[in-house]
Amino acid sequence: MVLINRTVYVNYRVFSDVMTTGCRTALLEIQYFVARDFRLDSQLYAQCKSDAAQFCNAAPNWTEEANAIGPQRNPLVLPCLYRYAYHPPADSSLKPECADEVRRVMRQRANSVDLIPEGYLDDSTLEAHCKELVLERMAEQNLDIRFNPNLKKACSMDIQKFCLGVWQSASKDRELEGKVVDCLKQNFVAKKPLTQSCSDHLTVIMEQQALHYQLDPVLVNLCDKEIQIHCGPEEPENTRQGQVEECLKRKFDALTSVECRRHVALLITAVQIDIQADPMLHRACAIDLVTFCKDVPPGDGRRLKCLLRFKEQGQAKFDPKCFEMLNTRTQLFAKASKVVQLESVNDLVEQLKPHIGHIYTAVIADSSARFHRLIGNPVTFSTGTDEHGLKIQQAAMCANKEPGRFCDHVSGLFKTALKNCEISYTDYIRTTESRHKENVHSFWEILSEKGYIYKGKYEGWYCTADEAFVAEDQTTLVKLSNGQEQRVSTESNRPVEWFSEENYLFKLSKLREELRSWLKSGPVIQPLRHYNLVKSWLDQELIDLSVSRPNTRLSWGIPVPGDSSQTIYVWLDALLNYMTVAKHSQSEMNIWPPSVHVIGKDILKFHGIYWPAFLLAAGFEPPKSLLVHGHWLVDEQKMSKTTGNVVSPQSCINLVTATGLRYFLMHEGVPASDGNFSIKRMVRIVNSDLADGIGNLVSRCCGKNLNPLQTRLGVSRSSFESCGSPGSDLLSLLERTPDIVHDEYKQWNFYKGIDQVMALVRGANGFFQTMEPWKLKKEGQLDKLNATMAVTMETARVVGTLLQPIVPSYSERLLDKLGVPQENRSWDFARLRWTTTETALGSQQAVLFPRIKSE
């Protein structure tokens, strides 16, 4: 019996269309009998017999008739186990092994229930509980989309596009049960471009859930207390089909749970997609739909709009129930829309929060600034926030905030993130500052006086999200889920709109040759691939650029001098922040033109074409160079709010500290290509290099066992020579590493510099292991022991000095521990330093970076 069941268990896992009909039918019969007597699945029985005895003999719907059959043969045992696996009471739950087996059986049934021979459904015992079992099965499918192969297949592309993060995490996190279907529903209601087949399935699911609220696991979870308070079974109307969700809608103003209120708002606004998602309204208006709107196709709220239009026209034959419910729904919809809109604003604020892409730009610039300070160069390092434009104006309006206050909040988020990541800027510039507005006005007047600005009509496709006009050949049409077409930018995949308006234009077309000369003047754009891209743009004709927007469309910005009806184009405004910083610099030196702008590749055209063109036209030198870096993927997927995989810098800091995040970004980031972020890889790298590699090196030579006097010994060439070939090999490595690292840092190849430093660390740890100082101490070879310790400490000192631009606070702790004075930490001290002086170690603990423990 056990052997047979093991074979069946294996066959379940390979159940497929290649099986013969007879074999498939036999397996389905076995599944049916397992549902009747769960002992017939040996795996299930072995793991769940104790739980079945404990929980399912006292199942609420256990009947005398079922007991007469016997507890093991009771067909309600499996549904009972299912309930405890997926909806356990607060004080009891199945063993994990049993819960896993129940899920396995349920997945098998999900893939094959449609093939069960019809004759089995005539069984009288099943008939009595058929409705309950069907509802349980449907709830099971909404809880875990894998149990609903039809929905999973229909929405496979949409899951990948909109709900990938939830999908990947749901199987591991009980808190996310039901969230995949819920994520699809939210994107459906938000009118995201889901595939038609997925939209059709979701409409049916939302109708089912409205009629049977138990089928919406997220609603049950979020609104359980509200249902008990407002919609309990003691109210007769709430026991009828669909009345619980209707009750929640009716009591919307009384709901105190923010999460429940938000979810109910989503259900209310779903009617804007299709009236079928609101079955109570659909039923009340069924006759009117046939009478007035029978030719109106479903989707995009068309049938609801049709009903409202005829209602407003005062049709005499309009059903009173439909008329009344439409009035109620209209009021509800207005309230719920505000909640949903607020959520959309919150989502926008989330998108405006700094992510690791922003921090990567800042850390690259900061590492370069710190390096140049170490080699003795004065540095002005500016960063900040661009705060004008249509996108900000719309976000502030939706948030019901004055734009200035809205920008204060967002800019504050960035400033905090930069501080937490140890960014050593000298000037934080906000484009809403008065010093910047003065500079923008002054620059505009220079361009105007030189004849580079004129007024004209500008037509084209405009992308609000990108704050840029897009050429026709850089747009494409995509089909939305409702069948409509939307034109989008091919570069960003964001919607564009056609605008025709009178603007001020900049004579970009006249500057093509000057821009080419600038490009040929030296390596002004790095890496080479981005230089070649700008070169290819300049091989094409340049068209004049619109540099203002009508005030009626864009009021949140800097007005054009002498013409308040126009607002200066956000990118001209934003790019001038660099000049504002230069004008207000405290440096005694002339810091214009900038040595370098560090930017992401998505804004290359603005910095590689428009910005130098503006400067050349005004008579200023363009920047000496641009350092352009790639974007960050997350586990090989593009970072996106819709997929839920945007990485917060603070979450990384909470896990691996700012030191760990900085080190990972600079270790893995290659400017010429996109980086791939992985939490597992980040933890592994910082543990391997910072905790084990460098940390082990320092703790070995600073530990009291081998260094009881807690001193850093003087070191000389003879210290290395007395250690034989291991010492000579390490000396050779130590002598050449600082110069290589210097050159790599100077060329922005920080990842290569780090590789050189870690090669030195591995060499030092290998040297220490080979010399076995613990044996030297035991054998009384004190000269050789002291030489070994001196060589190791000198290597650690050099490593700490070389890593200062990358991980400043970590390097500071290392050098403090070795007793290195502040004045001896410049790049001049990054090379070997012979000395006979002994230095007391710092009192800090020797553990520089505790290992990160993470799943």
Side-chain angles (χ1 to χ4, degrees), residues 354-364 366-367 370-371 417-424 629 632-636 639 645-670 674-700 702 741 744-745 749-766 795-796 798-818 844-855:
H355 54 66
I356 57 167
H358 300 123
I359 296 304
Y360 179 51
T361 305
V363 173
I364 292 177
D366 182 68
S367 295
R370 290 178 183 273
F371 167 67
L418 296 177
K419 178 182 178 182
N420 292 344
C421 291
E422 303 175 3
I423 307 301
S424 61
H629 65 76
W632 279 87
L633 308 176
V634 178
D635 294 323
E636 304 296 346
M639 254 201 304
N645 66 346
V646 177
V647 180
S648 159
Q650 192 57 50
S651 66
C652 296
I653 292 172
N654 293 342
L655 178 62
V656 300
T657 74
T659 288
L661 175 58
R662 286 180 63 112
Y663 185 83
F664 174 78
L665 292 175
M666 301 309 290
H667 182 281
E668 293 294 285
V670 179
D674 291 341
N676 183 44
F677 181 88
S678 162
I679 289 180
K680 288 183 179 179
R681 181 165 175 77
M682 178 173 67
V683 171
R684 181 171 63 79
I685 285 174
V686 299
N687 277 339
S688 173
D689 290 3
L690 301 181
D692 297 342
I694 304 171
N696 193 33
L697 182 68
V698 173
S699 63
R700 281 173 152 181
C702 294
V741 173
E744 297 294 4
Y745 282 3
N749 295 322
F750 292 104
Y751 68 102
K752 290 184 177 180
I754 292 171
D755 286 346
Q756 293 294 323
V757 174
M758 289 313 301
L760 179 59
V761 172
R762 288 190 293 274
N765 274 318
T795 306
V798 171
V799 167
T801 306
L802 293 175
L803 284 179
Q804 287 179 100
I806 311 299
V807 280
S809 60
Y810 179 86
S811 295
E812 183 177 31
R813 291 195 299 274
L814 191 162
L815 297 175
D816 285 348
K817 182 62 185 176
L818 294 178
Q844 300 84 355
Q845 62 175 1
V847 180
L848 296 175
F849 191 90
R851 280 185 62 82
I852 305 299
K853 295 180 181 179
S854 175
E855 293 295 329

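All heavy atoms count here, side chains included; hydrogens, waters and symmetry mates do not.
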*Nearest 0.5 Å please: distance from the OG atom of Ser367 over to the CG atom of Leu803.*
10.5 Å
*How far does CZ of Arg370 sit from CD1 of Ile423, to the nearest 0.5 angstrom?*
7.5 Å
*Can you tell me which residue pairs pass the side chain to side chain donor-acceptor pair (under 3.5 Å) test with a partner in residues 658-668, sequence neighbours excluded?*
Asp366-Arg662, Thr659-Ser809, Tyr663-Asp689, Glu668-Arg681
*Is there a donor-acceptor pair under 3.5 Å between the side chain of Thr795 and the backbone N or O of Ala764?*
no
*Those residues that, when tested against Arg851, pass side-chain contact (heavy atoms from CB on, under 4.5 Å) (two or more places apart)*: Asn687, Ala691, Asp692
*Could you check if a side-chain atom of Ser699 sits within less than 4.5 angstrom of a side-chain atom of Asn696, using non-hydrogen atoms only?*
yes
_Within the 4.5 Å heavy-atom criterion, are Ile359 and His355 side-chain neighbours or not?_
no
*Atom pair CG (Asn420) and CD1 (Ile653), whose distance is rounded to the nearest 0.5 Å*: 5.0 Å
*Is the shortest heavy-atom distance from the side chain of Phe677 to the side chain of Cys652 under 4.5 Å?*
yes
*Might you point out which heavy atoms bring Leu661 and Val656 nearest each other, and give the distance in Å?*
N-CG2, 3.6 Å
*Might you work through the side-chain contact (heavy atoms from CB on, under 4.5 Å) test for Met758 and Ile754, ending with a clear yes or no?*
CA-CA 6 Å; Met758 289 313 301; Ile754 292 171; 4.3 Å; yes
*What are the two closest non-hydrogen atoms of Leu818 and Cys702, and how far apart are they?*
CD2-SG, 3.9 Å
*Ile806 and Tyr745: which non-hydrogen atoms are nearest, and at how many Å?*
CG1-OH, 3.5 Å
_So which atom in Ala658 and which in Cys421 form the shortest heavy-atom distance, rounded to 0.1 Å?_
CB-CA, 4.2 Å
*CG/Leu697 to CG/Asn765 distance, rounded to the nearest 0.5 angstrom?*
5.0 Å
*Looking at Gly753 and Val741, what are the two nearest heavy atoms and their distance?*
O-CG2, 3.7 Å
*asked:* When you compare the side chain of Val807 with that of Met666, does any pair of heavy atoms fall below 4.5 Å?
replied: no
*Should Thr361 and His629 be marked as a side chain to side chain donor-acceptor pair (under 3.5 Å) after you check the CA-CA gap, both sets of side-chain angles, and the distance that decides it?*
CA-CA 8 Å; Thr361 305; His629 65 76; 2.6 Å; yes
_Side-chain donor or acceptor of Lys752 paired with backbone N/O of Glu744 under 3.5 Å_ = no
*Please answer whether the main-chain N or O of Phe849 pairs with a side-chain N or O of Tyr810 as donor and acceptor at a distance below 3.5 Å.*
no
_Residues which pass side-chain contact (heavy atoms from CB on, under 4.5 Å) with Thr801, listed by chain and number, not counting sequence neighbours_ = Arg797, Gln804, Leu815, Ala830
*Rounded distance [0.5 Å steps], CZ in Arg684 versus CD1 in Ile679*: 14.5 Å
*Please work out whether the ring planes of Phe664 and Trp632 are parallel, tilted or perpendicular, with thresholds of 30° and 60°.*
tilted
_As an exercise, state the distance from CD1 of Ile685 to CD1 of Ile852, rounded to the nearest 0.5 Å._
13.5 Å
*Identify the heavy atoms of Tyr360 and Val670 that sit nearest to each other, and give their distance.*
OH-N, 3.6 Å
